[in-house]
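What follows is a short report on a single structure.
Whatever order the structure lists them in is the order used to number ligands and atoms, beginning at 1.
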Amino acid sequence: MEKIIDESKQGEALTLETSQANTKKLFIESYGCQMNFSDSEVVASILANEGYNTTTNLEDADLVLVNTCSIREKAELTVRKRLEKYQAVKRKKNPMMKVGVLGCMAERLKSKFLEEEKIVDLVVGPDAYKDIPNLLSEVEEGREAINVILSKEETYGDISPVRLQSNGVTAFVSITRGCDNMCTFCVVPFTRGRERSRDPQSILEEVKALNQKGFKEITLLGQNVDSYLWYGGGLKKDFAKASPMQQATAVNFAQLMDIVATANPKMRIRFSTSNPQDMTLDVIEVMAKHKNICNYIHLPVQSGSDRILKLMNRQHTAQEYRTLIDNIKAIIPNIGISQDMITGFPTETEADHQDTLELMRYVGYDYGFMFYYSERPGTLAERKMEDDIPLEIKKRRLAEVIALQKELSRNNLQQYKGKVVEILIEKESKKDPNEWSGRNDQNIVAVFPKEQYQVGDYVEVLIEECTTGTLIGKAQGYAPYWRA
Ligand code: SAH
Ligand code: F3S
């Protein structure tokens with residue numbers, strides 16, 4: 001499937017407009033989730049003020065930064081390989097180059113990184129990016145530099161991110177940081193700290209600036225967006241301690257989406273990620289009310305077995321999840337829904353696995369991101385449960401989950417044949433330079449001949465054919481609603 005995240009894939013080195021005044025060169029690449037890609041834009045912005053322009057050529061770089069992911073072991077191994085590559089370049093071509101590790105691996109391994117990987121000069125956790133200029137001064141003076149302090153406040157709301165390697169059409173806007181949910185398999189609460197939300201005013205300003213630059217679609221980002229709550233700053237878990245006034249005027253996720261969608265009626269809005277236990281139907285009502293909020297939800301469930309859900313510390317049963325899906329579909333019948341699934345969690349039986357397949361059939365997901373369980377150091381599952389499912393069984397169950405998802409996706413896509421969908425053109429199709437590629441409301445990719453249309457145009461496309469992941473059609477004209 002196209003949508004499966006593959007940690008072994010190359011990270012992306014990113015560039016932005018260059019400033020004449022800047023003389024130093026930054027090579028920055030990101031692995032893992034969208035939040036990392038978004039954070040790298042914050043980092044590039046901080047370093048632009050320190051005299052750095054970005055480069056995509058490792059051999060030219062004064063500073064190399066790698067924004068890392070710890071979610072599965074494979075993700076970490078990929079980064080270790082990249083460090084070997086930097087080492088080789090440094091030895092042979094660029095002896096002055098400095099190397100820094102950012103993101104979740106920096107937070108997880110802390111000073112161990114400096115001991116284990118001689119190439120690393122600088123280790124910076126996800127809440128400490130504003131300290132990079134100070135840390136670089138330390139490195140210049142020959143000292144090791146590390147800051148992995150997690151924050152109660154930091155949301156980078158005051159930094160306007162530079163847009164790296166942007167298509168000029170779609171952008172990420174982060175709205176919450178951290179996660180309080182403590183799923184037993186997940187390292188994120190340890191690497192990204194406690195949940196805190198960003199001031200709606202700074203979110204609105206960022207969206208407005210994007211709008212003025214011609215961007216057409218934003219994705220509101222957070223580990224758990226439904227948990228968004230602004231009451232003047234501070235941790236989500238301290239909300240109960242806020243003043244009555246702060247509590248009364250707090251802004252939740254449904255309200256935030258309402259405000260952003262109302263202020264930017266011609267901007268298409270998406271969000272990611274939702275957690276079933278924190279998702280409420282007022283969010284769906286707001287989606288239904290605004291044409292410019294996409295009818296698409298990424299709603300990870302991880303397993304269809306109640307016993308496994310409980311061991312994972314997910315706060316709902318499979319039946320509660322089904323009911324949530326039913327309620328969502330009752331309000332928005334043509335909603336696109338995607339999943340995350342984990343196969344081979346400790347003690348998972350064939351019956352549990354069948355429950356997962358059955359839940360997938362019930363929901364009829366449009367697509368999914370599927371993984372086999374990878375034990376992560378420090379998580380509750382690692383401390384309390386034996387990783388007892390043999391790798392070949394984890395992989396076989398994963399293959400079955402992926403095969404079923406392909407079948408579900410293919411069936412869903414077939415239903416678009418003969419219908420007209422609105423597509424925002426994002427880029428040239430990878431397969432054919434004569435075709436555009438874009439997505440519909442439900443986040444499904446469509447390709448069609450370019451004709452007179454341009455990147456950033458909204459067009460109505462008649463769907464004629466489809467593959468397992470892509471709709472194929474022909475433009476019928478501009479989509480009227482989105483015309484300025
Ligand atoms: N709320 C987050 C979820 C983070 S992790 C978000 O914004 O996407 C993304 C997915 O990785 C999870 O939903 C889960 O399916 C998978 N995952 C997390 N920890 C894992 C582990 N230890 N092994 C395998 N998959 C894992
Ligand atoms: Fe991880 Fe669960 Fe949060 S998957 S990011 S702990 S909702």
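Screening Lys152, Arg196, Arg192 for a salt bridge (charged side-chain N to carboxylate O under 4.0 Å, His left out) with Asp127, the sole residue that qualifies is Arg196.
Of all the heavy atoms of Phe369, none lies under 4.0 Å from any atom of ligand 1, so neither backbone nor side chain is involved. In Glu375, neither the side chain nor the backbone holds a heavy atom less than 4.0 Å from any atom of ligand 1. For Phe371, every heavy-atom contact with ligand 1 shorter than 4.0 Å involves the side chain, none the backbone.
Close approach to Arg376 involves these atoms of ligand 1, each under 4.0 Å from a residue heavy atom: 22 (N). Annotation for ligand 1: atoms under 4.0 Å from non-hydrogen atoms of Gly222 are 7 (O). Per-residue contacts place Asn275 under 4.0 angstrom from the following atoms of ligand 2 (heavy atoms of the residue considered): 7 (S). Residue-ligand proximity, Arg72 to ligand 1, at heavy-atom distances under 4.0 Å covers atoms 11 (O), 16 (C), 17 (N), 23 (N), 24 (C), 25 (N), 26 (C). Taking every heavy atom of Ile342 and a limit of under 4.0 angstrom, the matching atoms of ligand 1 come to 14 (C), 15 (O), 17 (N), 25 (N), 26 (C). Within ligand 2, the atoms closer than 4.0 Å to a non-hydrogen atom of Pro189 are 6 (S), numbered from 1 in the order shown. The distance from ligand 2 to the heavy atoms of Phe185 drops below 4.0 Å at these ligand atoms: 4 (S). Under a 4.0 Å criterion applied to the non-hydrogen atoms of Asn181, ligand 2 contributes the atoms 7 (S). Atom numbering of ligand 1 starts at 1 in the shown order; those under 4.0 Å from a heavy atom of Gln223 are 1 (N), 2 (C), 4 (C), 6 (C), 7 (O).
Scanning the protein heavy atoms around atom 5 (S) of ligand 1, the nearest turns out to be Ile71 CD1, 3.3 Å. Closest to atom 14 (C) of ligand 1 among all protein heavy atoms lies Gln302 OE1, 3.3 Å. In this structure, atom 24 (C) of ligand 1 lies nearest to the protein heavy atom Tyr372 O, 3.4 Å. In this structure, atom 23 (N) of ligand 1 lies nearest to the protein heavy atom Ser374 N, 3.0 Å. Protein heavy atom at the shortest distance from atom 8 (O) of ligand 1 is Thr273 OG1, 3.0 Å. Closest to atom 3 (Fe) of ligand 2 among all protein heavy atoms lies Cys179 SG, 2.3 Å.
In terms of heavy-atom proximity, Leu102 sits nearest to Thr68 at O-OG1, 2.6 Å. The shortest non-hydrogen separation linking Ser437 to Val445 is OG-CG1, 3.8 Å.
Under the 30°/60° scheme for interplanar angles, the aromatic rings of His316 and Tyr321 are found to lie parallel. Between Tyr373 and Phe345, the ring-plane angle classifies as perpendicular under the 30° and 60° cut-offs.
With salt bridges taken as basic N to acidic carboxylate O contacts below 4.0 Å, one links Arg397 and Glu350. Between Arg268 and Glu422, none of the side-chain N atoms (NZ, or NE/NH1/NH2) sits under 4.0 Å from a carboxylate O, so this pair counts as no salt bridge. Salt bridge Arg439/Glu426: present, at least one basic N to carboxylate O contact under 4.0 Å.
For the pair Arg80 and Phe113, the cation sits on the ring face: its NZ or CZ lies under 6.0 Å from the ring centre, inside 45° of the axis.
For Ser338 and Tyr296, the side-chain atoms include at least one donor-acceptor pair closer than 3.5 Å. Thr184 and Asn313 share no side-chain donor-acceptor pair at under 3.5 Å. A donor atom on one side chain and an acceptor atom on the other are found under 3.5 Å apart for Asp278 and Asn181.
When Val188, Asp340, Val187 are ranked by how near their heavy atoms come to atom 10 (C) of ligand 1, first place goes to Asp340. Closest heavy-atom approach to atom 2 (Fe) of ligand 2 within the set Gly222, Cys183, Gly178: this belongs to Cys183.
In this structure, CD in Glu400 is found 11.0 Å from CE in Met360, a value given to the nearest 0.5 Å. Once rounded to the nearest 0.5 Å, the distance linking SG of Cys294 with CD of Gln442 reads 8.0 Å.
Residue Cys186 does not count as close to atom 3 (Fe) of ligand 2, with no N, O or S atom under 2.8 Å.
At least one heavy atom of Arg314 sits under 4.0 Å from some atom of ligand 2. Residue Asn224 places no heavy atom under 4.0 Å from ligand 2.
An N or O contact shorter than 3.5 Å links Phe185 to ligand 1 by distance.
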